[in-house]
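Here the structure comes first, spelled out in structure tokens, and everything after it is commentary.
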Protein chains: 2
Amino acid sequence: MRYRRGFRGGFLKRISRWTKSRMAILDVFRRVKGHLSADEVFLRLRKNYPNIGIATVYRNLDYLHKKGILSRFQFGNNKASYELSEKFLKGVQHHHHLICTNCGKVIDYTDFIKEETDLIREMEKALSKKYGFKIQSHQLHFYGICKDCMKGGDQNAVG
Amino acid sequence: MRYRRGFRGGFLKRISRWTKSRMAILDVFRRVKGHLSADEVFLRLRKNYPNIGIATVYRNLDYLHKKGILSRFQFGNNKASYELSEKFLKGVQHHHHLICTNCGKVIDYTDFIKEETDLIREMEKALSKKYGFKIQSHQLHFYGICKDCMKGGDQNAVG
DNA sequence: TTAATAATGATAATCATTATCATTTAATTT
DNA sequence: AAATTAAATGATAATGATTATCATTATTAA
Ligand SMILES: [Mn+2]
Ligand SMILES: [Mn+2]
Ligand SMILES: [Zn+2]
Ligand SMILES: [Zn+2]
């Protein structure tokens with residue numbers, strides 16, 4: 001997985017200071033597939049950066065999100081999770097999510113993205129005009145019951 | 001606005017006890033268009049039910065959501081908001097949301113619902129099969145900058 | 001009316017996130 | 001390389017949202 005064209009000249013340029021902890025946080029996301037909450041990032045970091053503070057993690061997640069490097073999600077469990085933006089890293093493809101309301105599992109899917117993109121593009125154009133709203137991103141979430149919970153009952157029930 | 005067929009025989013039947021506060025909370029949603037957070041519901045209730053507790057509000061929002069009467073959203077401001085489910089009340093139409101990342105405003109839109117529903121139906125079928133995931137609902141969120149924030153700058157900036 | 005128990009209100013506790021502030025550090029300038 | 005400057009950090013207090021606890025009350029069905 002390589003950086004997209006424009007990584008150093010584009011995204012990196014927007015970052016005012018390339019700190020040790022900021023690099024480390026971004027490294028975590030490069031290594032991990034999927035979504036991480038602030039405390040999950042914090043736990044993974046403590047191994048190599050035992051002095052890092054949780055506030056620094058929160059600050060940088062927010063910062064990197066504002067810079068367009070991380071996408072931010074709230075799947076319904078009262079905490080934010082983040083993943084690398086598809087705009088930032090080559091290999092992250094546009095995708096959406098299936099969220100199990102029983103166990104909290106989140107599944108990425110990339111099916112129907114072509115059809116979806118066509119429709120979304122059209123919608124964005126019309127909605128922008130109608131509501132004077134400048135659309136920057138979209139999220140499509142499907143809520144339901146995952147395969148495991150379907151058979152197994154609620155042994156892993158969330159909440 | 002009248003209840004959908006099946007209100008008394010359907011939704012009401014699933015509710016174990018039809019309490020004063022539970023009725024009052026549902027009444028708030030019937031009167032208000034749009035999304036309400038727990039504390040917003042609580043504030044509106046205090047007028048007529050000065051003894052109601054905030055915990056009761058939280059419990060009932062969760063309860064009514066689990067019963068399919070309220071839809072639950074997390075638009076990215078770290079708190080849940082609710083609205084009447086389209087399945088529950090006649091007059092609530094299927095819609096999605098534009099969320100301003102600057103001021104937090106949420107706009108309902110009902111445009112493109114026909115086209116969207118066609119695609120979503122197809123996707124749900126395929127995703128259900130592929131992932132063994134029983135889909136119950138979906139949410140489509142557009143994030144961006146609203147009209148007011150576009151012109152006015154960040155005078156009402158959120159967070 | 002009584003019995004069973006779901007629901008409530010008060011409030012403590014928890015969890016996620018943000019604010020404060022003195023200190024450190026990255027980047028820029030001399 | 002040393003000095004400068006402001007962004008960033010870590011510790012931790014504070015806040016905001018939500019959940020847990022528990023004794024009491026109210027709803028429902030018998
Ligand atoms: Mn994802
Ligand atoms: Mn809505
Ligand atoms: Zn599940
Ligand atoms: Zn706005």
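Each chain gets a letter, A, B and so on, in the order its sequence line appears, and its residues count up from 1. Keep in mind it's a predicted model, so treat the numbers as computed, not measured.
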Quick one, [X] and [Y] - any side-chain contact, counting heavy atoms below 4.5 Å?
{"X": "A:Trp18", "Y": "A:Leu26", "result": "yes"}
{"X": "B:Leu98", "Y": "B:Val106", "result": "no"}
{"X": "A:Glu116", "Y": "A:His138", "result": "yes"}
{"X": "B:Phe133", "Y": "B:Ser128", "result": "no"}

Once you round it to whole Å, what is the distance between [atom2] of [N] and [atom1] of [X]?
{"X": "B:Asp62", "N": "C:dA6", "atom1": "CG", "atom2": "P", "answer": "16 Å"}
{"X": "A:Phe75", "N": "C:dA16", "atom1": "CZ", "atom2": "C1'", "answer": "17 Å"}
{"X": "A:Ile25", "N": "D:dA8", "atom1": "CD1", "atom2": "P", "answer": "12 Å"}
{"X": "A:Leu64", "N": "D:dA8", "atom1": "CG", "atom2": "C1'", "answer": "13 Å"}
{"X": "B:Ile15", "N": "D:dT28", "atom1": "CD1", "atom2": "P", "answer": "11 Å"}
{"X": "A:Gln74", "N": "C:dC15", "atom1": "CD", "atom2": "P", "answer": "18 Å"}
{"X": "A:Lys67", "N": "D:dA7", "atom1": "NZ", "atom2": "C1'", "answer": "12 Å"}
{"X": "A:Lys79", "N": "C:dA16", "atom1": "NZ", "atom2": "P", "answer": "4 Å"}

Distance flag, aromatic centroids of A:Phe75 and A:His141, threshold under 6.0 Å: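 Distance test on ring centres: under 6.0 Å, yes.
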Minimum-distance pair of heavy atoms, taken over all atoms of B:Tyr131 and A:Lys147: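 Closest pair (atom of B:Tyr131, atom of A:Lys147, distance): O-CB, 3.9 Å.
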Check ion pair A:Asp27-A:Arg30 (N to O, under 4.0 angstrom):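 Yes, this pair counts.
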Basic-acidic side-chain contact under 4.0 Å: A:Asp108, A:Lys33: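 A salt bridge is absent here (no side-chain N lies under 4.0 Å from a carboxylate O).
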Rounded (10°) bend between the five-pair end axes of the helix from C:dT1-D:dA30 to C:dT30-D:dA1: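 End-to-end axis angle for the helix from C:dT1-D:dA30 to C:dT30-D:dA1: 40°, rounded to 10°.
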With no hydrogens and no angle check, is any side-chain donor or acceptor of [X] less than 3.5 Å from a backbone partner on [Y]?
{"X": "A:Arg72", "Y": "A:Ala80", "answer": "no"}
{"X": "B:Ser85", "Y": "B:Lys87", "answer": "yes"}
{"X": "A:His96", "Y": "A:Leu140", "answer": "yes"}

B:Asn78 side-chain proximity, nearest of D:dG10, C:dT18, D:dT19: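 Looking only at heavy atoms from C-beta outward on B:Asn78, the closest nucleotide is C:dT18.
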Sequence-aligned protein contact record of nucleotides 21-30 of chain C, with B where the base is within under 4.0 Å of a protein heavy atom and S where only the sugar-phosphate is: ----BBS---
Sugar-phosphate only, base, or nothing, as touched by A:Ser37 at under 4.0 Å among non-hydrogen atoms: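 Nothing: the residue A:Ser37, judged by heavy atoms under 4.0 Å, touches no strand.
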Contact list for DNA chain C against residues 38-58 of chain B - heavy-atom distance below 4.0 Å: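 Those residues whose heavy atoms fall under 4.0 Å from DNA chain C, taken from residues 38-58 of chain B in numerical order, are B:Asn51, B:Ile52, B:Gly53, B:Ala55, B:Thr56.
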